Amino acid sequence: MMKNTQEPQSSSSFVKFCRKLSPKRKDSPAESTQHNINDDQDKNKDLEAVFAYMDENKDGRISPHELQKSFMTLGEQLSDEEAEAAVRLSDTDGDGMLDFQEFAQLIKGDDDQDEKKTELKEAFRMYIAEGEECITPRSLKTMLKKLGESRTTDDCRVMIRAFDLNADGVLSFDEFALMMR
């Protein structure tokens, strides 16, 4: 059987479902580590309960059919193609089913991406001068100096030019994100 690598046109029900299940992260740095550990344990138990509910035949894996049936129980529709694509997204061992680790990664995936984007935005802000919306050769030079690396403004222009997709002489957030890959 040949695997179809094409993603479904619309998986909005699945995306909404994952967002509902995805543990919400707290952004407050003042929270205690113990509180975060307890929250993570509770969220993991919640995911285990959802996984157990969806694993209708209790074989420790969720099939596309079980995923689809769970959606119907929750009043959501998921096509055969969407269910298969959702499983395929996180099926790391290639068995066509989701074990708990694969399921957890699928559910947490969006949340991890949001966290990475937030961290990237914070890093981007460090490189921009006050009142600016992009990284200029001058702001890059200033930040590099703070980091102990002395560069000329011309050096910084060359560095920016390598990732400056629209040739405007500065780095937007999207260009910065591309550079940080």
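These numbers were taken from a predicted model, which means no experiment stands behind them.
- Residues Ala83 and Gln68 share a closest heavy-atom pair of CB-CB, 4.2 Å.
- In the hydrophobic clustering (ILVMFWY side chains linked at under 4.5 Å, chained through shared members), Val158 stands by itself.
- Between the Lys69 side chain and the Pro64 main chain, no donor and acceptor come within less than 3.5 Å of each other.
- At a threshold of 4.5 Å between side-chain heavy atoms, the hydrophobic network of Ile, Leu, Val, Met, Phe, Trp and Tyr places Met180 and Ile160 in one connected group.
- Leu178 forms part of a hydrophobic cluster together with Leu165, judged by ILVMFWY side-chain heavy-atom separations under 4.5 Å.
- Counting all heavy atoms, side chain and backbone alike, Leu67 lies closest to Ala86 at CD2-CB, 3.8 Å.
- Put simply, the side chain of Asp155 gets close to the backbone of Thr152: a donor and an acceptor are under 3.5 Å apart.
- Looking only at side-chain heavy atoms (C-beta outward), Glu76 and Met72 stay at 4.5 Å or farther from each other.
- Proximity of Gln101 to Phe51: side-chain heavy atoms (C-beta onward) are nowhere separated by under 4.5 Å.
- Rounding to the nearest 0.5 angstrom, the gap separating the CD atom in Glu84 from the OG atom in Ser63 is 10.0 Å.
- Using a 4.5 Å cut-off on side-chain heavy atoms (C-beta onward), Thr153 and Pro137 make contact.
- Between Lys121 and Phe173, some side-chain heavy-atom pair lies under the 4.5 Å cut-off.
- If you take CZ on Phe100 and CD on Glu48, they are separated by 4.5 Å, rounding to the nearest 0.5 Å.
- Between the OH atom of Tyr53 and the CD atom of Glu66 there is a distance of 11.5 Å, given to the nearest 0.5 Å.
- In this structure, Asp91 does not pair ionically with Arg88, as no charged nitrogen and carboxylate oxygen lie closer than 4.0 Å.
- Put simply, the side chain of Ser139 gets close to the backbone of Thr136: a donor and an acceptor are under 3.5 Å apart.
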Please tabulate, one pair per line, all N/O donor-acceptor pairs under 3.5 Å involving side-chain atoms of residues 140-150, not counting sequence neighbours.
from: Thr142; atom 1: OG1; to: Arg138; atom 2: O; distance (Å): 3.0
from: Glu149; atom 1: OE2; to: Arg151; atom 2: NE; distance (Å): 2.8
from: Glu149; atom 1: OE2; to: Arg151; atom 2: NH2; distance (Å): 2.8

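- A donor and an acceptor atom, one from each side chain of Thr73 and Ser70, are nowhere located under 3.5 Å apart.
- Test Leu98, Asp95, Asp55 against Arg61 for side-chain contact (heavy atoms from CB on, under 4.5 Å) and you get one pass: Asp95.
- Here Ile62 contributes atom CD1 and Met97 contributes atom CE; the two are 9.0 Å apart, rounded to the nearest 0.5 Å.
- Side-chain contact between Glu102 and Asp93 is present, with at least one heavy-atom pair separated by less than 4.5 Å.
- Here the OH-CZ distance, from Tyr127 to Phe176, works out to 6.0 Å after rounding to the nearest 0.5 Å.
- Separation of atoms CD1 (Ile135) and CD1 (Ile128) is listed at 7.5 Å; rounding is to 0.5 Å.
- In this structure, Leu120 and Ala177 approach most closely via the heavy-atom pair CD2-CB, 3.5 Å.
- Contact annotation: the side chain of Phe103 approaches that of Met54 to within less than 4.5 Å [non-hydrogen atoms, C-beta and beyond].
- Proximity of a side-chain donor or acceptor of Glu175 to a complementary backbone N or O of Asp164 within less than 3.5 Å is not detected.
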